[in-house]
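Structure, as structure tokens:
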2 protein chains.
Amino acid sequence: MTTQPASASRGPVTRKDVARYAGVSTAVVSYVVNGGPKKVAPATEAKVQDAIRVLGYRPNAAARALKLGSSETIGLVVPDNTNPFYSLLAHAVEDAAAELGYALLLTNSAGNLAKERRNIRNLAARQVDGVVLASVVFEPDLVDLESAEIPSVLLSHSDSQAEVTSMGVDLVEGARIAVEHLASHGHKNIGLAMGTTTGDEADGREQGWLKALADAGLPEGPIARSAFTREGGYAAGKRLLASAQRPSAIFASSDLQAVGLLRALHEAGLSVPGDIAVTSFDGSVEAEYSWPPLTTVEQPVREMAEAAVRALVGADRGEPPRHRVFPTRLLVRQSCGCP
Amino acid sequence: MTTQPASASRGPVTRKDVARYAGVSTAVVSYVVNGGPKKVAPATEAKVQDAIRVLGYRPNAAARALKLGSSETIGLVVPDNTNPFYSLLAHAVEDAAAELGYALLLTNSAGNLAKERRNIRNLAARQVDGVVLASVVFEPDLVDLESAEIPSVLLSHSDSQAEVTSMGVDLVEGARIAVEHLASHGHKNIGLAMGTTTGDEADGREQGWLKALADAGLPEGPIARSAFTREGGYAAGKRLLASAQRPSAIFASSDLQAVGLLRALHEAGLSVPGDIAVTSFDGSVEAEYSWPPLTTVEQPVREMAEAAVRALVGADRGEPPRHRVFPTRLLVRQSCGCP
DNA sequence: TCTGATCCTTGAGTCGATTCAGTGTTCCAT
DNA sequence: ATGGAACACTGAATCGACTCAAGGATCAGA
């Protein structure tokens, strides 16, 4: 008769196996594992812990989720994890979630509304305890869907929707300081490389640009609209260079666009900031390692991510929905013309 | 007496509610939902579908996972989702998984072995059907742990470990062509900005560099070792510039390092490729939008990710473990000195 | 030694979906 | 008309963990 090592037995180890091995009932195992209100005798606890170790027992999350109605998982919907802004966001959300014992289900929506909706449905079916929605497009529809299903928070949205908790920065003010900085260097013709937004109203960044211009008594500079991507920025840059009155400074509405813009400028043999100064928005690493390093408006992504997770499954859970505005900060580097 | 709209009732809708509403048994609902082997009469099916729609029923994934022993979820362990190489990988894995109806649990290990181990354990407890392990550090230990628990595949590893399926490129050959290209431009002193690896043996990229040098009858150039990051590349660049015999060309072992290297070069007032030519490894977008655009060795990340997912939960499931080598390709741009 | 309080531990039901064995129809062939 | 195959559907057990009500042991005080 061969004695199988207990740990090498077939199939997953269940709480029942542990109970049998430790010579107690399954309930005790639960109490030991979860540290419930019931007290377990130290000796018993030791036996159970031993059994757990020897058997290599690991609780079945599915069963736990079924019984508890919570999967200890949160979902994240981003347009594109390849975009450094979102990849940082995903990382930060994962960190914050892990801190609280939650896992992160990542989905990419490609900025596609239908796909986004499908992703949310999918997450809901998987019993996530909450979802963080980081979307470029803003559809009240989505929010309804969302909030009806599961707790959710919107990230990086300035629209203060009363119905849902959201985290974002003041886009208008952020853009304003970036453009104001350009104006303070003496620029009179400041262009805008703007990302296309779906809403009817102009994006806050465009308003901020306008505001800074007005504040400084400057005329409205040329605008080029394109996607919030490197390619978009590149195209916008080319158009801006070809415009009737070429600007001496350009504000790009995202770092990614600024990177593309920089390429267009370099290709045209222009020096930055010598010939054209540039500032942008987001504060991602890309901006730090571009050439020249970009002066950019930093969004506190990690803080926003943490706050989002806290609102979903952490200390701030259950608080009434509200829009939280996070402070931005101008990261002065070299693309603006500062020494 | 108020008649509550069925859909507005409290609590989640279960299969039981649907069954009651449709006037059938719960088993039938299952058959309708899953299209099992049993046939359901069209009329009955319609009734059930109707009930599902009206009630807004959505199957509980936890219960399903418990019963089926599969969560239709796969896990991904990357060192840092903020690194463009890994964020692309994560995106690609998510796409491939979604294609097959699987969701993606993302975890970051920070290149920390203990954390990585914890993440894997965590994923295992969550009943993932497989995990994709993209790790810089290579620990056989991990593999054991892994494969004992759940099907897994290693990504981007050249070590052909018989025990686990893995996907990777031929680092030696990839590096070789990048350095050979530099040599073909007439460079005699080619330096290396190498990432630090944990293994005892040199990383394949270093071997490739050596091989290309030997093939071309060139002497060994200066080496600077640092982290696989922008900062690391920057530091390596500074050291390389300060070395006794400054190289006229440098091969960086990753795009990220190349970006940092470029910064060091720019700061030193050197022109690329005029004063110093550069090539690197990975083929990420960062390399395309740097200035100048980097000539780099492309890794087919999407293909590798798809293959990994297929091996885990797709068509290739169950095939015997093997190491698949994917082809690399030199993306010629401007940093090498090509016109 | 008996009583009652204090502690531990157990049994059994539950969460929601799956699936198999079995019941009751229908319908065709003989 | 009848046997039986084909078909549509039902009932109940099951997956693993949680938890409440209840049972048993232990110990102090009298």
Side-chain angles (χ1 to χ4, degrees), chain A residues 9-49 51-52 55-73 101 124-129, chain B residues 9-49 51-52 55-73 101 124-129 149-150:
Chain A
S9 69
R10 69 225 63 67
V13 181
T14 77
R15 166 217 56 167
K16 214 165 174 179
D17 301 318
V18 174
R20 180 167 29 229
Y21 187 95
V24 299
S25 83
T26 60
V28 175
V29 179
S30 262
Y31 295 140
V32 170
V33 172
N34 306 325
K38 292 288 210 323
K39 273 188 188 147
V40 176
T44 312
E45 160 135 24
K47 270 192 305 182
V48 174
Q49 292 288 15
I52 289 178
L55 264 27
Y57 167 75
R58 199 179 329 297
N60 180 318
R64 199 161 199 286
L66 171 59
K67 181 64 178 143
L68 263 26
S70 151
S71 58
E72 312 222 291
T73 297
R126 283 168 194 279
Q127 317 294 117
V128 296
D129 297 314
Chain B
S9 68
R10 69 225 63 68
V13 181
T14 77
R15 161 218 62 167
K16 215 166 175 177
D17 301 317
V18 174
R20 180 167 31 230
Y21 187 96
V24 298
S25 84
T26 60
V28 174
V29 179
S30 260
Y31 296 141
V32 170
V33 172
N34 306 325
K38 292 291 208 323
K39 272 187 190 149
V40 176
T44 311
E45 160 136 23
K47 271 193 305 184
V48 174
Q49 292 288 16
I52 289 177
L55 264 26
Y57 167 75
R58 200 180 327 297
N60 180 318
R64 196 161 200 286
L66 171 59
K67 183 62 179 145
L68 263 26
S70 152
S71 58
E72 310 222 294
T73 298
R126 283 167 194 277
Q127 317 293 119
V128 297
D129 297 314
E149 312 254 3
I150 10 163

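Order of the sequence lines fixes the chain letters, A, B, ..., with proteins taken first and strands second; residue numbering starts at 1 for each chain.
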| With sugar-phosphate meaning primed atoms plus P, OP1 and OP2, does V29(A) contact a base, only sugar-phosphate, or nothing at under 4.0 Å between heavy atoms? | nothing
| task | Take the protein atom CZ of R126(B) and the nucleotide atom P of dA17(D), then report the distance between them rounded to whole Å. | result | 14 Å
| note | Which of dG16(D), dA17(D), dT18(C) is nearest the side chain of L66(A)? It is dG16(D)
| Using a cut-off of less than 4.0 Å, is there contact between a side-chain N or O of R15(A) and OP1 or OP2 of dC18(D)? | no
| said: For a quick test of reading the model, state the closest non-hydrogen atom pair linking V24(A) to K47(A) and the distance between them. | reply: CG1-NZ, 4.4 Å
| message | If I take atom NZ in residue K16(B) and atom P in nucleotide dA17(C), what distance separates them, rounded to the nearest angstrom? | response | 11 Å
| message | As a quick check of understanding, evaluate side-chain contact (heavy atoms from CB on, under 4.5 Å) for V32(A) and Q49(A), giving each step before the final call. | response | CA-CA 8 Å; V32(A) 170; Q49(A) 292 288 15; 3.8 Å; yes
| Does OP1 or OP2 of dG16(D) have a side-chain N or O of T14(A) closer than 4.0 Å? | no
| Which part of the nucleic acid, if any, lies within reach of V33(B) when heavy atoms closer than 4.0 Å are counted: base, sugar-phosphate only, or nothing? | nothing
| task | By nearest nucleotide on DNA chain D, pick out whichever of A63(B) and G23(B) is the more 5' one. | result | G23(B)
| said: If you compare every side-chain N and O of R64(B) against the phosphate oxygens of dG16(C) (OP1, OP2), does one of them come in below 4.0 Å? | reply: no
| field | Short side-chain to backbone donor-acceptor contact, R126(A) and S71(A), under 3.5 Å | value | no
| message | Both A62(B) and A27(B) contact DNA chain C. Which one's nearest nucleotide lies toward the 5' end? | response | A62(B)
| request: Compare every heavy atom of T26(B) with every heavy atom of K16(B), then report the nearest pair and how far apart it is. | output: CA-CG2, 4.0 Å
| field | S30(A) side-chain N/O to dC18(D) phosphate OP1/OP2 under 4.0 Å | value | yes
| query | Once you round it to whole Å, what is the distance between P of dA13(D) and CG of L68(B)? | reply | 20 Å
| field | From dG16(C), dG11(C), dT18(C), nucleotide with atom closest to N60(B) side chain | value | dG16(C)
| query | Given atom NZ of K67(A) and atom P of dA12(C), what is their separation to the nearest angstrom? | reply | 16 Å
| said: From C-beta outward on N34(B), which listed nucleotide comes closest to its side chain: dT18(C), dT9(C), dT19(D)? | reply: dT18(C)
| query | Is there a donor N/O on one and an acceptor N/O on the other, under 3.5 Å, for the side chain of Y31(B) and the base of dC20(C)? | reply | yes
| request: Before giving the answer on side-chain contact (heavy atoms from CB on, under 4.5 Å), spell out for R15(B) and V33(B) the whole-Å C-alpha distance, their side-chain angles and the decisive distance to 0.1 Å. | output: CA-CA 10 Å; R15(B) 161 218 62 167; V33(B) 172; over 6 Å; no
